[in-house]
Protein chains: 2
Amino acid sequence: MNVTPQRIAIYRALVESTAHPSPEMLFNEVSRSMPSLSLATIYKTLETLEGIGLVREIPVTGDRKRFDAIVENHHHLICNACGSVGDYHDDALDQLPPRRRLGGFIPQSVSVNISGLCPSCRDGNSH
Amino acid sequence: MNVTPQRIAIYRALVESTAHPSPEMLFNEVSRSMPSLSLATIYKTLETLEGIGLVREIPVTGDRKRFDAIVENHHHLICNACGSVGDYHDDALDQLPPRRRLGGFIPQSVSVNISGLCPSCRDGNSH
DNA sequence: GTAGTTGCAAATCTTTTGCGCGACA
DNA sequence: TGTCGCGCAAAAGATTTGCAACTAC
């Protein structure tokens, strides 16, 4: 696997972002410093990075995929009003993979989404 | 809001299904007994039912939306191999909404996804 | 009778794919 | 010089929308 400027820039943007960006958000961000970048490259690169375990798609409702650089155990705060996704750390949640029987299902990872209102939307800011 | 045969059939199919169906899966199911049904009606009805709190979209990765009739507190087992979605009940998880500070975020609900291998895929069945 | 709903078809939007060119080993 | 990755444009899918006919109430 080659290390290319596009892959570096896309991965770096993902690491530095707190927004859990969609492919288009990443495209808008990275394009600024790399105007020739294409959206198709974003998609291909995300797939590649996901394949080697540097990146994951996060489970959210809504129209677009959202991605996260895999840094450590953490979960997500999802705003029901504006759709923003924030990080949430809690040691208790990291111990989740459950003691109870799962009927033959083999657990590999746990993802917790806490839905609600982000501070901005709570205060009545229009999106 | 009117009670129509389409709405009854779609909601009923969702309640009776354990598959957490996508709109197309619902369409395939309900069409069998209601051949005139259109996929657009599935989408419109799901949005309507979601609006009145009978149905929710569940947060999953992948290409299609998945829906759930809201019955009680429960969470989901998601197969990394075949994409199937099963239910998982655990009282401990129902108490989750966290004690820790959320930095101004107002929690309203919690969704837990346990990803792994379903019994069928564990045993090496090809999807 | 009227407002709300359906089914169809077209439109929109997101994501994927095919392919020729260029970069790098 | 062969392989891999990029950008472009087209394709594929999923979801949404506009609208005329129809139905629940």
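Only a predicted model underlies this, so the values are computations on that prediction, with no experimental measurement involved. Note on naming: letters A, B, ... go to the chains in the order of the sequence lines (proteins, then strands), and numbering restarts at 1 for each one. These values consider heavy atoms only, across backbone and side chains, with no hydrogens, waters or symmetry-generated copies.
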Can you tell me how far P of C:dT15 sits from CD of A:Glu24, to the nearest Å? 9 Å

Return the value, rounded to whole Å, for the distance between atom CE of A:Met1 and atom P of D:dT3. 17 Å

If you only use heavy atoms from C-beta on, which nucleotide in C:dT6, D:dC6, C:dT15 is closest to the side chain of A:Thr4? D:dC6

Backbone of B:Ala19 reached by a side-chain donor or acceptor of B:Arg66 within 3.5 Å: yes

B:Ile8 CD1 to C:dT6 C1', straight-line distance once rounded to whole Å: 14 Å

Within this structure, what is the OG-CZ distance for the pair A:Ser17 and A:Arg12, rounded to the nearest 0.5 Å? 13.0 Å

With the side chain defined as heavy atoms from C-beta on, B:Ser38 is closest, among D:dG5, C:dT15, C:dC8, to C:dC8

Those residues of residues 40-47 of chain B lying under 4.0 Å from DNA chain C by at least one heavy atom: B:Ala40, B:Thr41, B:Lys44

Residues touching DNA chain C, which here means a heavy atom under 4.0 Å, drawn from residues 48-63 of chain A: A:Asp63

Rounded interatomic separation in angstrom, taking CZ from B:Phe67 and C1' from D:dT15: 10 Å

Is the CD atom of A:Gln108 crowded by more than 12 outside heavy atoms at less than 6.0 Å? yes

Considering only heavy atoms from C-beta outward, does the side chain of A:Leu14 approach that of A:Pro21 to under 4.5 Å? yes

A:Thr45 side-chain N/O to A:Thr41 backbone N/O, donor-acceptor pair under 3.5 Å: yes

From CG of B:Leu39 across to P of C:dT6 the rounded distance in Å is 13 Å

Closest non-hydrogen contact found for B:Pro23 with B:Leu39 is O-CD1, 4.0 Å

Return the value, rounded to whole Å, for the distance between atom CZ of B:Arg7 and atom C1' of C:dG7. 14 Å

Can you check the B:Lys65 NZ to C:dT14 P distance for me, whole Å? 12 Å

Rounded to whole Å, how long is the line connecting atom CZ of A:Arg64 with atom C1' of D:dT15? 12 Å

Kindly say whether A:Val85 contributes a backbone atom to a donor-acceptor pair with the side chain of A:His20 at under 3.5 angstrom? yes

Given C:dT6, C:dG4, C:dT16, the nucleotide with the shortest approach to the side chain of B:Asn2: C:dG4

With a 4.0 Å heavy-atom cut-off, tell me which residues in residues 29-37 of chain B come close to DNA chain C, sorted by residue number. B:Ser36, B:Leu37

Using atom types as modelled and distance alone, determine if a side-chain donor or acceptor of A:Glu57 lies under 3.5 Å from a backbone N or O of B:Gly62. yes

Side chain A:Arg7, main chain A:Asn2, donor-acceptor under 3.5 Å: yes

Does B:Ile78 offer a backbone N or O that forms a donor-acceptor pair with the side chain of B:Asn113 under 3.5 Å? no

Is the side chain of B:Ser31 donor-acceptor paired with the backbone N or O of B:Phe27 at a distance under 3.5 Å, no angle test? yes

What I'd like to find out is whether the side chain of A:Glu24 reaches to under 4.5 Å of the side chain of A:Asn28, using heavy atoms alone. yes

So, does B:Gln6 get its side chain near the phosphate of D:dT23, meaning an N or O under 4.0 Å from OP1 or OP2? no

